[in-house]
Structures are given as structure tokens and as C-alpha cells.
Amino acid sequence: MADKLIEAKNLRKVYGEADARTVAIDDISLDIDKGDFVAIMGPSGSGKSTLLHILALLDKPTEGTYIFDGRSIDKYSEDELAKLRNEKAGFVFQAFNLLPRTTVLENVELPLLYSDIKESDWQERALKAIRIVNLEHRLKHESAQLSGGEKQRVAIARALVNDPEIIFADEPTGNLDTKAGKDLMEIVANLNKEGKTIILVTHEEEIAEYAKRIIRVRDGKLESDTKTK
Amino acid sequence: MNIKHSFKIAYKALKVNKTRSFLTVLGVLIGVTAIMMMVALGSGAENLILDEISGFGGETIVVRPGKQPTGPTDIAGTLFNDSLTERDVELLRRKSNVPHAEKITPFVVVPGNVSYEGDTYTPFMLGGDVNFFVDFYDAPLLEGDTFTESDAKQLSKVAVIGDKVRQELFGESDALGKDIQIKDQKFRIIGVLAKRGQVAVFDIDNLVVIPHTTAQKYILGIDYFHEFIVMARDVDTVDRTIVDIEATLRGAHKIDDPEKDDFFVVSLSGAAEQIQTVIATLTAFLSSVVAIALVVGGVGVMNIMLVSVTERTREIGLRKAVGATEKEIMQQFLLEAILLTFIGGFVGIVLGGILSFLVALGLAQFVASNWSFSFPFSAIVLGMGVTTLVGVVFGLYPAKKAAERSPIDALRYE
Ligand SMILES: Nc1ncnc2c1ncn2[C@@H]1O[C@H](COP(=O)(O)OP(=O)(O)OP(=O)(O)O)[C@@H](O)[C@H]1O
Ligand SMILES: [Mg+2]
């Protein structure tokens with residue numbers, strides 16, 4: 001039995017109040033082991049992103065218990081959560097979210113600024129991450145000078161730079177064409193082979209095929225949870 | 001994260017957003033410049049006015065004959081009124097009558113001009129004790145001597161002249177010992193006053209002073225005075241001295257109804273008080289202009305800071321998502337705000353200084369020759385202090401609010 005990295009019990013997330021009240025996720029429980037590769041699927045508005053944000057420590061559930069790395073998130077202080085986000089997790093957004101007018105190298109170095117890693121090691125680490133996503137030839141390019149696929153690879157390098165345990169990705173291929181999406185997924189699958197836990201949200205079946213396990217949600221509820229490999 | 005990294009991040013952030021940084025700096029700069037200029041020009045104006053009136057002895061009391069003039073036509077009346085006499089002077093000089101008077105100097109005004117070897121000039125000519133100007137108005141002699149009591153007794157035909165009169169009549173050549181013509185009489189110049197300019201109501205440089213007795217007898221043909229100038233011992237005794245003078249003169253002139261006074265007393269302490277009021281008003285006015293400049297500068301800085309931070313809520317979200325703590329976010333924005341306001345403040349001080357110097361130069365050239373450039377330290381402290389404070393407060397407050405959001409909330413902000 002593999003190590004559990006994530007244990008979520010009865011998670012609920014409610015937005016707004018009264019008329020505007022939306023239950024984005026409703027009573028979801030799931031465990032994720034280290035080294036797993038999970039695809040979260042479901043129709044638009046079903047709560048995939050909301051769930052992923054909670055799992056990635058970017059947001060908090062309204063109800064339920066979420067145990068990350070053996071400890072309930074209620075027990076972590078804000079600063080400890082920041083440290084977890086910095087060291088244990090990497091996040092890839094659908095909208096890339098790179099810093100504007102900033103070079104590839106500096107974008108990838110961003111998480112290191114908030115880490116304990118010595119500044120003299122920053123560049124080497126960043127270069128290593130950039131090599132993984134095959135962008136060595138774009139180091140000095142600013143974000144506006146990159147294609148969508150390149151931007152998303154920069155985002156992955158940024159998520160990787162601190163050598164995290166787990167990488168979260170919310171529709172990382174959503175803004176890419178099929179070819180660029182496939183290239184990106186090859187990189188992600190490789191990362192998983194090297195031991196990184198991956199959780200990604202997608203609504204494309206071809207993308208989900210890369211995963212070892214597919215979790216389907218509908219109307220905020222867990223619909224199915226199947227191992228594919 | 002150490003402070004060096006914070007600086008690096010802040011510097012990078014400023015560099016990346018050149019336009020916004022420039023606008024922020026501009027906002028601070030305009031605020032500080034406005035404050036600097038207001039304070040510098042305000043204190044320049046205040047100095048000028050203070051300087052103008054500093055010669056005004058608050059102890060000075062003037063007694064004139066006739067009724068207090070209510071318009072310019074009345075002034076001629078005082079020249080032909082004979083109510084102030086030598087006997088009045090003697091009575092006023094008695095300690096038992098006016099105990100707090102330091103000195104009583106009678107004057108007559110001598111209309112007309114003076115000439116020397118065909119050059120004619122119209123100065124302000126007085127018959128009276130020239131020592132009055134030397135002692136009370138701080139007008140030292142450049143050369144020669146003043147005349148004395150005995151000159152007055154002997155009706156000596158001597159004169160002491162001001163610097164401008166000397167220039168007009170003698171140019172660069174020696175004036176001392178020369179004889180000048182007043183009416184058809186020759187007067188020997190025994191003293192020349194040093195250049196002094198305007199002091200209170202007198203243009204010292206334009207004066208010609210001769211003994212009052214000589215003026216009365218040989219030039220005017222009168223035996224009364226146009227004016228007594230009384231110096232009270234100090235400002236506090238002015239009011240009592242006025243009462244004493246009035247009582248003494250009424251006794252001497254046998255007047256029992258003050259309505260029928262044939263003299264009037266003007267105290268400069270009243271005028272000094274008025275001027276004090278004017279200055280207080282001016283200061284209040286300038287302070288409010290400075291306050292407005294502060295508010296305008298402050299609102300500018302506030303506005304740009306609010307926009308700049310709000311605009312970057314997503315950036316804050318991203319930084320939090322990759323592991324920045326609230327404290328680190330705050331540190332970055334604090335440093336950014338300080339850097340911006342410091343640069344803006346520094347340039348503003350320099351610019352404000354240069355501009356107010358130029359304006360002071362212009363004013364000195366075209367408006368008031370004795371306008372001096374003044375750059376008070378308080379302006380620097382005030383200008384820098386307020387804009388930096390505003391910049392920091394309004395940079396930090398939205399940054400704190402953004403930093404407190406969950407990373408995803410901040411990222412979703414639009
Ligand atoms: N900040 C928010 N405030 C209010 N409601 C929200 C908020 N975020 C999400 N929701 C609502 O929660 C529900 C789930 O949203 P979520 O973004 O998780 O969907 P999703 O499955 O990721 O959809 P998509 O595939 O379109 O990205 C939606 O009905 C959405 O309107
Ligand atoms: Mg989504």
C-alpha cells in the first residue's frame with residue numbers, strides 16, 4: 001500500500017449567500033497516493049477547478065477535513081501553508097499566469113524567491129527545470145514573446161523548480177492546440193514516471209488517457225473514480 | 001526571504017512597470033514640488049514683510065498738531081498749526097509729567113530743495129535732532145559727526161545728509177565740510193549717514209537733517225513744531241505714556257474736553273499690532289495653501305498607489321500561489337512604495353528648490369528688490385514626510401487587503 005499524500009473527507013465548498021448561493025463541490029471524499037497520476041473530469045461548472053484549488057492549498061473548503069501530507073490543513077498556519085505551496089506543490093494554470101515583461105528565466109525563478117534556497121543555486125535550478133520542458137533556447141524571452149505552448153511549458157518549469165512532491169494543473173492544455181497539448185502531456189507523463197504525483201483537470205478524453213486514474217465529477221458531486229492503468 | 005531579495009523584487013517590479021512607476025513618481029514629485037514652493041515662497045514673503053517692519057519701533061509715539069487727519073487734505077493743516085511749542089517739549093521732558101518717556105524729539109518739516117554748485121535735489125528735509133536717527137533707527141554715520149544741543153542753541157547752519165543725497169549732489173567726490181544751499185542759506189555738511197535704505201516711515205538715505213532751531217528761525221520763520229516723536233521706555237509703557245502726554249498737553253493748552261484737543265497722538269504700537277495681524281493672516285493663508293498642496297499631492301499619491309496595487313492583485317495571487325507569505329508580499333509593497341516616494345520626494349525637493357529659487361530671483365528683479373530666497377528645512381521634512389506617509393499608507397493598505405485574500409481569490413480578481 002503506497003503512501004497517502006492527500007486525504008479529503010466530505011469536502012464542501014459553498015460560494016455566496018441566499019439567492020447567489022452556489023454549492024460548487026458537495027460532499028467529496030477521496031485519497032490520493034504518492035506517485036499517482038489523476039485526471040479530474042466533468043462538464044463545465046461541475047466544480048473541477050474548485051476541487052483542484054482546495055487540493056492544491058490555494059483555497060479552503062467550507063466544510064470537511066483535508067489532510068495534506070499527514071496533517072489537517074486546519075492545523076497549518078498561513079505561513080506554513082505558504083511554505084507547503086512553495087516546497088511541496090507546484091501549480092499550472094489554464095491561463096498561464098506568467099509575470100508580464102519578465103524573462104523566462106526570471107519567471108521560472110519566481111518560487112525560489114520565496115524559498116530557503118541560496119540565491120547562488122537559483123539559476124542552476126531554474127535552468128534544470130527549463131531543460132525538462134525543452135525551453136533552453138528561450139531563456140531571455142519575455143512572456144509576450146512566447147507561444148501559448150511555450151508559455152505553458154514555462155509555467156510547468158516554474159511549478160517544477162522547487163522540486164515539489166505534487167503538481168496540480170487546471171486544464172493546462174485548454175489554451176493549446178492538439179500538437180502543443182500532446183507535447184505538454186508527454187512532459188507531464190514523464191514527470192510522473194520520475195515519481196511526481198500529478199493531479200490535472202481536463203475535459204478532453206485524449207488528455208485524460210495519460211492519467212492512471214480518472215475521477216469524474218458532476219454538479220459538485222463525485223460521480224466515478226476509476227483506475228485506468 | 002531577506003531584505004536584499006525584497007529589494008531585488010521591488011526593484012524588478014518597478015522596472016517591469018516603467019510607466020506606472022513613472023506616474024507614481026510623478027504624482028509624488030508634483031505633490032512635493034508644490035509643497036516646497038508654497039513653503040519657500042510663503043516664508044520669503046513673510047521674511048520680506050518682517051524685514052520691512054522690523055525698523056518699526058513699537059515704542060514710538062508721534063504727537064502732531066491739530067485734529068487727527070481723516071483724509072490727505074487734512075495733512076496740510078498740520079503744517080500750519082502752531083499748537084506744539086517749545087514749552088510743550090519742556091513740559092513733556094519733565095519726569096513728573098511723563099515718567100516713562102525715554103526721549104522726546106521735536107521735528108519740523110522743511111519743504112524745498114538743496115543745491116550744491118548748480119546741482120539741485122529734493123530730499124526729505126527735517127529740522128530736529130539727527131541723533132534720533134542714529135540712536136533709534138540704527139543709522140550709523142559714514143563719516144563726520146552729528147550736531148549737538150549747542151549747535152541747536154547757537155542756531156548753527158550745519159546739516160547731516162543721507163547717502164542718496166550725497167550721491168546726487170557730490171557723486172564720488174567728498175561731501176564732508178562742503179556748503180550746501182537750502183533756501184538762500186548756506187549749510188555746512190558735518191556728517192554723512194551710511195547707506196541704510198527704508199526704515200519704518202523714513203527713507204534714511206534721502207534725509208537732510210538740520211538743527212530744528214535753525215530751521216524754525218532761518219528757513220520757516222515759525223516757533224512751533226510739526227511733530228514730536230516720543231520714545232517710551234518699552235512697548236508695555238506705551239499706553240501709559242500716551243495718557244501722560246495727553247494729560248500734560250491738555251494742561252498746557254488749557255483744554256478740558258478731549259473733543260477739543262488741538263493735537264493728536266499716534267502710537268506705532270497700534271500699527272505694529274495691525275501688522276502683526278496682517279502677518280498672522282498671511283501665515284494662516286499660506287498654511288492653508290500648503291495644506292491644500294499637501295492634500296492635492298497626497299490624493300495624487302494615494303490614487304496612483306491604490307490603482308497600482310489593485311491592478312496587481314493577480315500578481316499578488318500568483319506570488320502567494322508559488323509560496324509568498326503575507327509578510328513577504330507586504331515587505332515588497334512597502335519597499336516599492338518607499339522607493340517610489342523617495343525618488344519622487346527627492347526629485348520634488350530639488351525641483352521645488354530650483355523653481356522657488358527662480359521665482360525668488362524673478363520677484364527680486366521685478367517686484368521687491370529685497371525679496372530673499374528662503375528654503376526652510378521644515379518644508380523638506382513636511383513635503384517628504386507627508387507624501388511618503390501617504391504613499392506608504394495607501395500602498396500598503398490595498399496590498400495588505402490583497403495579501404490577505406486566498407491565492408485563488410486574488411488570482412481571480414479582475
Ligand atoms: N468565486 C466564486 N464565486 C461564486 N461562485 C463560484 C466561484 N467560483 C466558482 N463558482 C461556481 O462554482 C461552480 C463550479 O465552478 P468551477 O470553476 O469549479 O467549475 P469547473 O468545473 O472548473 O468549470 P469549467 O470546466 O468551466 O472550468 C460554478 O457554478 C461556478 O459558477
Ligand atoms: Mg475550471
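What you see is a predicted model; the values in this text were computed from it and never measured. Quick note on labels: first sequence line is chain A, next is B, and so on, each numbered from 1.
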Measuring heavy-atom distances to chain A, does B:Arg314 have an atom under 4.5 Å in its side chain, in its backbone, in both, or in neither?
side chain
Which region of B:Arg312, side chain (C-beta onward) or backbone (N, CA, C, O), has a non-hydrogen atom less than 4.5 Å from a non-hydrogen atom of chain A, or is it both or neither?
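For B:Arg312, neither part sits under 4.5 Å from chain A.
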Among B:Arg319, B:Glu326, B:Glu315, B:Lys320, which residue forms the greatest number of heavy-atom pairs with chain A at distances under 4.5 Å?
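Sorted descending by pairs with chain A, the first entry is B:Arg319.
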For A:Glu106, is it the side chain, the backbone, both or neither that has a heavy atom under 4.5 Å from a heavy atom of chain B?
side chain
Give, as side chain, backbone, both or neither, the part of A:Pro164 having an atom under 4.5 angstrom from any heavy atom of chain B.
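Contact with chain B: none, neither part.
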Between A:Glu171, A:Arg216, A:His53, which is the residue that forms a side chain to side chain contact (heavy atoms under 4.5 Å, CB included) with A:Lys48?
A:Glu171
Got a salt bridge between A:Asp163 and A:Arg125, using NZ or NE/NH1/NH2 to carboxylate O under 4.0 Å?
no
salt_bridge(A:Lys60, A:Glu78) N-O dist < 4.0 Å
yes
Side-chain (A:Asn86) to main-chain (B:Ala324) donor-acceptor, under 3.5 angstrom:
no
Counting N and O atoms only, with roles assigned by atom type, does the side chain of A:Gln145 sit under 3.5 Å from a partner on the main chain of A:Glu142, one being a donor and the other an acceptor?
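Flag set: sc A:Gln145 to bb A:Glu142 pair under 3.5 Å.
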Counting heavy-atom pairs under 4.5 angstrom with chain B, the leader among A:Thr102, A:Leu99, A:Leu112, A:Leu84 is A:Leu99
